[in-house]
Number of protein chains: 2
Amino acid sequence: MEGLDSVTIGRLADRLGMSKAGVIGQFRSKEKLQLETVDLVMEDFRTQVWQPVRHLDAGLPRLLAACAAWVRYAADPGYSGGCLLTQVTYDYDARTGLVHDRIAEGRARWRDSLRRDIDVAVAAGDLPPGTDAPQVVYGLESLAAGITPARLLHGDDETEKWALHGMHAILGLSSMK
Amino acid sequence: MEGLDSVTIGRLADRLGMSKAGVIGQFRSKEKLQLETVDLVMEDFRTQVWQPVRHLDAGLPRLLAACAAWVRYAADPGYSGGCLLTQVTYDYDARTGLVHDRIAEGRARWRDSLRRDIDVAVAAGDLPPGTDAPQVVYGLESLAAGITPARLLHGDDETEKWALHGMHAILGLSSMK
DNA sequence: TTGACGTACGAACGATCGTACTCTTAAATC
DNA sequence: GATTTAAGAGTACGATCGTTCGTACGTCAA
């Protein structure tokens with residue numbers, strides 16, 4: 001068992017030196033615990049990826065900086081086992097329930113954030129006209145999420161470069177001057 | 001619980017109308033059952049994706065046909081819940097053990113298969129010279145794997161088109177005449 | 001006919017899961 | 001100082017997990 005399912009009441013109680021009853025008293029149920037965990041994971045993502053770049057100029061500059069931070073975070077999130085956001089995303093995509101919904105909401109916010117910068121970049125002429133923002137966002141997401149299995153399953157150590165290269169191609173930057 | 005972990009001895013016994021002991025008598029342990037399941041998943045993938053295109057000319061023609069079949073399979077694998085290969089990949093990338101290793105082996109074979117066609121395509125002048133095959137393979141993998149969460153988490157129904165577009169960009173086809 | 005072998009059964013095991021209780025204890029409020 | 005509130009311990013529950021027994025069947029070879 002791995003991922004969110006490995007965060008169990010009993011294990012958490014052990015780790016905290018508490019009783020199971022004490023843990024379940026804090027969170028009211030397993031589902032609440034999972035939801036709070038998902039919130040923490042997303043908060044960490046935003047802190048590590050969005051916070052350092054949010055002050056940059058909207059549009060291509062901030063978009064590229066965000067992609068770089070994103071890819072760096074996925075390749076080395078500061079803990080072992082690979083990016084937790086990727087983990088919970090692929091863990092809960094096929095399920096139903098509040099946890100699935102919470103993850104979808106968080107990802108939707110990130111998608112919107114990216115899409116806005118793409119639109120600004122297109123309007124500014126920094127990205128090719130006619131750029132399909134949702135399609136580009138899909139590409140960025142996928143290339144970032146591919147880092148985890150490439151690293152952990154195949155031991156690839158160039159994933160950060162690969163992902164960034166791919167993102168530039170998706171953005172159509174290679175065909176612009 | 002979802003994915004490979006949801007394939008449990010007791011549940012399987014129920015489904016088959018057998019006793020748990022009968023099931024565990026067939027497979028010798030849970031791990032063996034998981035390994036055989038992974039083999040089945042990969043066999044299905046090869047049947048649906050590789051088999052229809054393997055007779056095509058090596059190089060770009062077969063590569064593009066494989067990508068199309070791949071993306072179609074990921075978007076509609078013929079069962080509910082999203083591509084099982086993607087599922088087990090992201091489920092077991094951070095674990096250790098025989099199941100993790102088996103998945104890595106299977107994926108490595110698929111990677112090699114793609115890389116060979118890429119090399120042939122480059123040699124034939126159908127792909128840009130200097131193409132970094134492992135990097136391109138990484139991009140194709142990621143774009144295919146992104147389909148599942150996009151469909152199941154966000155309800156995207158254009159993932160097949162998006163993934164294929166992205167693959168062409170990664171391959172550098174848009175910049176060639 | 002006998003024996004070996006494979007298949008499947010029912011039952012039980014120790015773990016662990018999430019959750020529901022009661023009881024103690026310490027802090028906060030009046 | 002008395003009273004209310006809340007945190008946490010302790011215990012128990014029903015499920016389910018993977019696994020291991022002993023046993024009852026077949027089938028097939030000797």
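Numbered from 1 within each chain, the chains take letters A, B, ... in sequence-line order.
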Undergrad: I'd like to know if A:Asp112 pairs up with A:Arg109 as an ion pair, taking the criterion as any Lys NZ or Arg NE/NH1/NH2 lying under 4.0 Å from an Asp or Glu carboxylate oxygen.
TA: no
Undergrad: Using a cut-off of strictly less than 4.0 Å between a heavy atom of the residue and any atom of DNA chain C, enumerate the qualifying residues of residues 34-41 of chain B by number.
TA: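 Nucleic-acid contacts, sorted: none.
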Undergrad: Between atom CG in A:Leu33 and atom P in C:dG18, what is the gap in whole Å?
TA: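 After rounding, the reported distance stands at 8 Å.
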Undergrad: Take atom CG of B:Leu12 and atom C1' of D:dC17, then tell me their distance rounded to the nearest Å.
TA: 14 Å
Undergrad: With sequence neighbours left out, which residue pairs that include part of residues 100-119 of chain A fulfil the ring pair (Phe, Tyr, Trp, His ring centres under 6.0 Å) condition?
TA: A:Phe45-A:Trp110, A:Trp70-A:Trp110
Undergrad: A:Asp14 CG to C:dA15 C1': how many Å, rounded?
TA: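 About 13 Å, once rounded to whole Å.
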Undergrad: Determine, for A:Arg115 against A:Asp119, whether the closest basic-nitrogen to carboxylate-oxygen distance falls under 4.0 angstrom.
TA: yes
Undergrad: Return each pair, listed once, that meets salt bridge (charged side-chain N to carboxylate O under 4.0 Å, His left out) where at least one residue sits in residues 128-146 of chain A; pairs must be two or more places apart or across chains.
TA: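 Residue pairs with at least one partner in residues 128-146 of chain A: A:Arg107-A:Glu141, A:Arg111-A:Glu141.
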Undergrad: Which side chain to side chain donor-acceptor pair (under 3.5 Å) pairs, counting each pair once, include a residue from residues 77-87 of chain B, with sequence neighbours left out?
TA: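 Pairs touching residues 77-87 of chain B that pass the test: B:Tyr73-B:Tyr79.
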Undergrad: Sequence neighbours left out, what pairs pass salt bridge (charged side-chain N to carboxylate O under 4.0 Å, His left out) with at least one residue falling in residues 25-45 of chain A?
TA: A:Asp39-A:Arg102
Undergrad: I need the full list of ring pair (Phe, Tyr, Trp, His ring centres under 6.0 Å) pairs touching residues 116-143 of chain B, with sequence neighbours left out, sorted by first then second residue.
TA: A:Trp162-B:Tyr138
Undergrad: In whole angstroms, how far is the C1' atom of D:dA15 from the CD1 atom of A:Ile9?
TA: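 After rounding, the reported distance stands at 16 Å.
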Undergrad: If I take atom CZ in residue A:Arg28 and atom P in nucleotide C:dT19, what distance separates them, rounded to the nearest angstrom?
TA: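 So the CZ-P distance, A:Arg28 to C:dT19, works out to 11 Å.
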Undergrad: Whole angstroms only, please: what is the CD1-C1' distance between A:Ile24 and D:dC13?
TA: 13 Å
Undergrad: With sequence neighbours left out, which residue pairs that include part of residues 51-69 of chain B fulfil the side chain to side chain donor-acceptor pair (under 3.5 Å) condition?
TA: B:Arg62-B:Asp117
Undergrad: Below 3.5 Å between N/O atoms, which protein atoms pair up with nucleotides 9-13 of chain C? Just atom names and distances, please.
TA:
{"unit_1": "C:dC9", "atom_1": "OP2", "unit_2": "B:Ser19", "atom_2": "N", "d": "2.7"}
{"unit_1": "C:dC9", "atom_1": "OP2", "unit_2": "B:Ser19", "atom_2": "OG", "d": "2.9"}

Undergrad: Quick one: B:Glu31 CD to D:dG18 C1', roughly how many Å, whole number?
TA: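 The distance from CD of B:Glu31 to C1' of D:dG18 comes to 12 Å, rounded to the nearest Å.
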Undergrad: Please give the remaining members of the hydrophobic cluster of A:Tyr90, linking ILVMFWY side chains under 4.5 Å, ordered by chain and number.
TA: B:Tyr90
Undergrad: Nearest-Å distance, CZ (A:Phe27) to P (D:dA7)?
TA: 12 Å
Undergrad: Could you tell me whether the phosphate oxygens of D:dG18, OP1 or OP2, come under 4.0 Å of any side-chain nitrogen or oxygen in B:Thr8?
TA: yes
Undergrad: Strictly below 4.0 Å: does A:Arg11 bring a side-chain N or O up to OP1 or OP2 of C:dC17?
TA: yes
